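Notes to accompany the following structure.
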Amino acid sequence: MQQEKPPSAEHKIAFIPLVLITTALFMTLRNMPMMAETGMQMVLLNAITVFAFLIPTALISAELATGWPQNGVFHWVEAAFGTPVGFVAVFLQWIQSIFGVTSIVAYATATLTYAFDPELGSNRYYITFSVLALYWAATLINFRGTETSEKISGYAVSIGVFFPSALLILFSIYYLFDGETIALDTSATLSNWVPSLSDTTSLVFFMSFVFGFVGIEVSACHANEVENPQKNYPRAIFTAAIAGFVITLAGGLAVSLILEKGNISNINGALQAFSAYLNAYGLSILTPFIALLVAVGAAGQVSTWIVGPVKGMWAASRKGLLPAHFAKANKNNVPTALLILQASLISFIALSFILFENVNLVFLVLTSTAVLLYSLMYLLMFVAAIRLRYTHPHIPRPYRVPGGNWGIWLLGIIGMLTAISCFAIGFIPPPSLPFSIKSFEGLMVVAVILALLVPLSIWFLRRKKISHASKSRGHE
């Protein structure tokens, strides 16, 4: 029999640190260039993203976290559908982070080289070994516990995301009022403001906008360590969502004011914009400093993701779904065995940068895989939220989605439709594939099937060792 509840953590996460942790999970300057590529369409695309994904995810996560403040999506989906489905949900959240975080680490290392040697950022050997060094270093640092992780997230998001973003936005405002010629087409035409649904590029951009905000629910994995989670978690997730939306949209507009569409790098577009603004005002000497700050922000995001989804897997291992070795934690209450397993898997995936000459292609394939897997997890989360309103109406929820059952149905259906749409769009192949479209689609199908079969197979093999039968439901 495995212990279900983790040992009580001595350190408690307060409101402001929780906001910073939540923000660090999804907010990055990497999203701004993608937004800038859409021109004025980014305003409508952002508005749709807010209503189709950000609001449903934030409100539903807040309700679930206050009703089941254990370890996030694993307990939420388990309470609704039983242990096997709960394990599938947390496995999807965890395994997509393996693919997603690999691309984030690669982005951090490529960003660091921008001001010194931009060509090095496309060197597959440099990217591979930098990913290995940075990720393992971040993993070992996180062995020191939540207090250390909290400080890293706070400092990194403050000096590596908030400060550069504010600087970029201020530069754009000054540039605009200085009467300079802007690159952004602001003409009042329908095609300039409204994306075409028949254009696959517009669909991919919409998915990219949505996935610029994924991960906002991951901070619920720390719910056991939050000071007064029923009060602080909803406040933190709403604060982070609003800050992320405003800053990312303003940053996207800032990039689009000075860089022409079609000439914006998907990886280093924010630094391109900084370089252009700095050059315009004779401050190009600051470019290396800005690049360092942005790299620090990306590295902090990596650190935050290291200890996020793995907490859900740790909860599953304490339930007996994984060997007892993975249920153990060190003196700082950190599941070190799971972190080592996670780092080993990322190391294996990082080697793909050596196998393919086109580093950008690897970025895109990793991102596509993460999109498909995360879409399925969100689908399970939204369905679980609706079901729990009927199967567990007695569970106290200090925060409830407004509008009663009608409200949860409305937001749940909107969230489900968005998740299904993103799943379908995820099969659209990136440009310049070195293999056929059918091969790409086949690769994605295999990835999805494996991601579903692995957790179900583990549960089937270890179902007799699970400490609570899958029929056990409810608030623990």
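Here the structure is a predicted model, which means the values were calculated and not measured.
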Hey, does the side chain of Asn332 reach the backbone of Val334 with a donor-acceptor pair shorter than 3.5 angstrom? no
For Phe205 together with Phe209, are the ring centres under 6.0 Å from each other? no
For the pair Phe423 and Phe427, name the ring-plane relationship: parallel under 30°, tilted 30 to 60°, perpendicular over 60°. perpendicular
Point-to-point distance, once rounded to the nearest 0.5 Å, from CD of Glu217 to CH2 of Trp76: 6.5 Å
Sub-3.5 Å donor-acceptor pair from the side chain of Arg389 to the main-chain atoms of Gly404, do we have one? yes
May I ask you to decide if Leu18's main-chain N or O and Asn232's side chain share a donor-acceptor pair within less than 3.5 Å? no
Ser375 and Met207, any side-chain heavy atoms less than 4.5 Å apart: no
With the side chain counted from C-beta on, respond yes when Ile290 and Leu167 share a heavy-atom pair under 4.5 Å apart, and no when they do not. yes
For the OH atom on Tyr281, are there more than 12 heavy atoms of other groups (residues, nucleotides or ligands in this structure) within a distance under 6.0 Å? yes
Show, in sequence, the C-alpha distance, side-chain angles and deciding distance for Tyr378 and Tyr374, and conclude whether the ring pair (Phe, Tyr, Trp, His ring centres under 6.0 Å) test is met. CA-CA 6 Å; Tyr378 277 115; Tyr374 221 166; 4.7 Å; yes
Just how far is it from atom CG of Leu132 to atom OG of Ser347, taken to the nearest 0.5 Å? 5.0 Å
Please work out which of the three classes, parallel, tilted or perpendicular, describes the rings of Tyr277 and Phe171, given edges at 30° and 60°. parallel
In Å, rounded to the nearest 0.5 Å, how long is the span from OG1 of Thr113 to CD1 of Ile127? 6.5 Å
Give the ring-plane orientation class for Phe245 versus Phe213, where under 30° counts as parallel, over 60° as perpendicular and anything between as tilted. tilted
Steps toward side chain to side chain donor-acceptor pair (under 3.5 Å) verdict (Tyr135, Gln342): CA-CA 10 Å; Tyr135 193 85; Gln342 181 172 267; 2.9 Å; yes
Evaluate the side-chain proximity of Phe53 to Cys422: yes if any heavy-atom separation is below 4.5 Å, no if none is. no
When you compare the side chain of Leu388 with that of Ile395, does any pair of heavy atoms fall below 4.5 Å? no
So with a 6.0 Å cut-off around CH2 of Trp409, is the heavy-atom count from everything else above 12? no
Quick check: does any side chain N or O of Ser275 sit under 3.5 Å from a backbone N or O of Leu271, one acting as donor and the other as acceptor? no
Side chain of Asp199, backbone of Thr201: donor and acceptor closer than 3.5 Å? yes
CZ of Phe382 to CD1 of Ile414: how many Å apart, nearest 0.5 Å? 10.0 Å
Hey, could you give me the OG1/CG distance between Thr287 and Leu278, rounded to the nearest 0.5 Å? 4.5 Å
Would you say Asn279's side chain and Gly282's backbone share a donor-acceptor pair under 3.5 angstrom? no
Look only at the side chain of Thr304 and the backbone of Gly300, and say whether a donor-acceptor pair between them is shorter than 3.5 Å. yes
Over 12 non-hydrogen atoms of neighbours within 6.0 angstrom of CZ in Arg400: yes
Interatomic distance, Phe238 atom CZ to Ser61 atom OG [nearest 0.5 angstrom]: 9.0 Å
